[in-house]
Structure formats: C-alpha cells, structure tokens
Student: 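A single structure is presented below for examination.
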Amino acid sequence: MTFRHWIPRATTSARVSLMGVVAVLALVACGSGDTNEPSSDRSATSAAAKFPDVRLVELTEEGDGSFTVAVTLSSPYDSPKRYADGWRVSGPDGTVLGTMTLGHDHASEQPFTRTQTGLRIPDDVDTVELEGHDTENGYGGTTKIAKVPGR
C-alpha cells in the first residue's frame, strides 16, 4: 500500500472550498505588498467592488516646480460600461489640487498605472491624498497619502 492510499480523497465541494480559501489568501497577500507610506485606507470591505482602489502613488518634482504623479489604480469591474475613469489629488485640508480623467476602461490591464503632469502643489503642503473615481459612483475606495518630495 502506498502513502496516497492513507489520505482520503477530498470531495468536489471540499476541493472547491479549499480553492476559495487559497484564492482569498492570495488576494490578501497581494494587497499587503503596497509600500507607499504613509497610507490611508478609508474604504470598507463592502466598498471594494463599488469604487476603484489607489494601489500605489509616486510623486516626482520637475524642474519648473510642478510635479508628475504616477498613480496605479485597480478596479475589479472595469468594462466599457463601467470603469475607473480617473483620480483627484487633495491636500491635507481637503483642498483639491488636481484631477485626472481617463477616457476609456482598462479591463485587460489590472491594475494599471497612468501619469499626470503639471501638478502644482503649494509650498506649505507636505503630503497629498489620491482617491480614485468610478464612472457610476464617483470618488471612493482605498486612498493613498504620498509625501511630497523635498518637504
């Protein structure tokens, strides 16, 4: 008798349940890899499918005093009918410093990264918050707070 005969075969429902647990653990592990500190997560778990999530932000200061922001967004529902169509950049007091509008879905590219150039950030602002926008529900989801370089 070989070792495999000692282990009972899992039923189909048990295999499906195990696959579900593995999938959830994989998603949790992938989501915890974001390292853009400090970060803020204002979304509830139930809001995950309602809004896009900002996954990563990178601010770069340009020679003219403006900034370029690279934003990585993720949305599980992206399709031609409903998709993550942009973001806004706000100061700590909630003042909107800039917005970006995207003209089409990114269903085959999740998560996806796009850049915004020419962003002006006042000298007294040392962090900015980025929040994604959805074509149906507006702003919401996981946000990220990014430190302004040189401040």
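Nothing fancy with the numbering, it's 1 onward along the sequence.
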Student: Side chains of Asp64 and Arg120: does their closest heavy-atom pair fall under 4.5 Å?
Tutor: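 The answer is yes, as the side chains (C-beta and beyond) meet within the 4.5 Å cut-off.
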Student: Would Tyr139 end up clustered with Val69 when hydrophobic side chains under 4.5 Å apart are linked, directly or stepwise?
Tutor: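 Tyr139 and Val69: separate clusters.
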Student: To the nearest 0.5 angstrom, please state how far the OH atom of Tyr83 sits from the CD atom of Gln110.
Tutor: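 The distance works out to 13.0 Å.
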Student: Between OG1 of Thr142 and NZ of Lys144, what distance do you get to the nearest 0.5 Å?
Tutor: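 If we round to the nearest 0.5 Å, Thr142:OG1 and Lys144:NZ are 7.5 Å apart.
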Student: Which heavy atom in Pro92 sits nearest to a heavy atom in Thr127, and how many Å separate them?
Tutor: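 Heavy atoms only, the tightest pair is CD-O, 3.3 Å.
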Student: Find the distance between CD (Glu58) and OG1 (Thr115) and round it off to the nearest 0.5 Å.
Tutor: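 Interatomic distance, Glu58 CD to Thr115 OG1, rounded to 0.5 Å: 10.5 Å.
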Student: Tell me the closest heavy-atom pair linking Leu59 and Val148, and the distance in Å.
Tutor: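 Smallest interatomic distance, heavy atoms only, reads CD1-CA, 4.0 Å.
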Student: Is it true that a side-chain atom of Glu62 and a backbone atom of Gly118 form a donor plus acceptor pair closer than 3.5 Å?
Tutor: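 No, because the side chain of Glu62 does not come within donor-acceptor range (under 3.5 Å) of the backbone of Gly118.
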Student: Can you name the nearest heavy-atom pair linking Asp105 to Ser79, along with the distance?
Tutor: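 Heavy-atom minimum between the residues: CB-O, 3.3 Å.
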Student: Where do Ser74 and Arg55 come nearest, in terms of heavy atoms and distance?
Tutor: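 Closest heavy-atom pair between Ser74 and Arg55: CB-CG, 3.6 Å.
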Student: Can you tell me how far OG1 of Thr135 sits from NE2 of His104, rounded to the nearest 0.5 angstrom?
Tutor: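 Spacing of NE2 (His104) from OG1 (Thr135) equals 13.5 Å.
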Student: Quick one: sort the Phe112 and His106 rings into parallel, tilted or perpendicular, breaks at 30° and 60°.
Tutor: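 Plane angle under 30°, so parallel.
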Student: Over all heavy atoms of both residues, which pair between Trp87 and Leu102 is shortest? Give the atoms and the distance, please.
Tutor: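 That would be CZ3-CD1, 4.3 Å.
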Student: Does a donor on one side chain and an acceptor on the other come within less than 3.5 Å for Glu131 and Ser90?
Tutor: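 Glu131 vs Ser90: no donor-acceptor pair found between side chains.
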Student: Using 0.5 Å steps for rounding, measure from the NZ atom of Lys50 to the CG atom of Asp134.
Tutor: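 The CG atom of Asp134 is 9.5 Å from NZ of Lys50, to the nearest 0.5 Å.
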Student: Set out, in order, the CA-CA distance, both residues' side-chain angles and the distance that settles side-chain contact (heavy atoms from CB on, under 4.5 Å) for Val57 and Glu129, then state yes or no.
Tutor: CA-CA 9 Å; Val57 174; Glu129 181 175 25; over 6 Å; no
Student: Atom OH in Tyr77, atom CG in Asn137: separation rounded to 0.5 Å?
Tutor: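 One finds 7.0 Å between OH of Tyr77 and CG of Asn137.
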Student: Are Val125 and Val54 co-members of a hydrophobic cluster defined by side-chain heavy atoms under 4.5 Å apart?
Tutor: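 Per the 4.5 Å side-chain linkage, Val54 and Val125 are co-clustered.
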Student: Mind listing the closest non-hydrogen atom pair of Pro52 and Ala84 along with its distance?
Tutor: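 Heavy-atom minimum between the residues: CB-CB, 3.5 Å.
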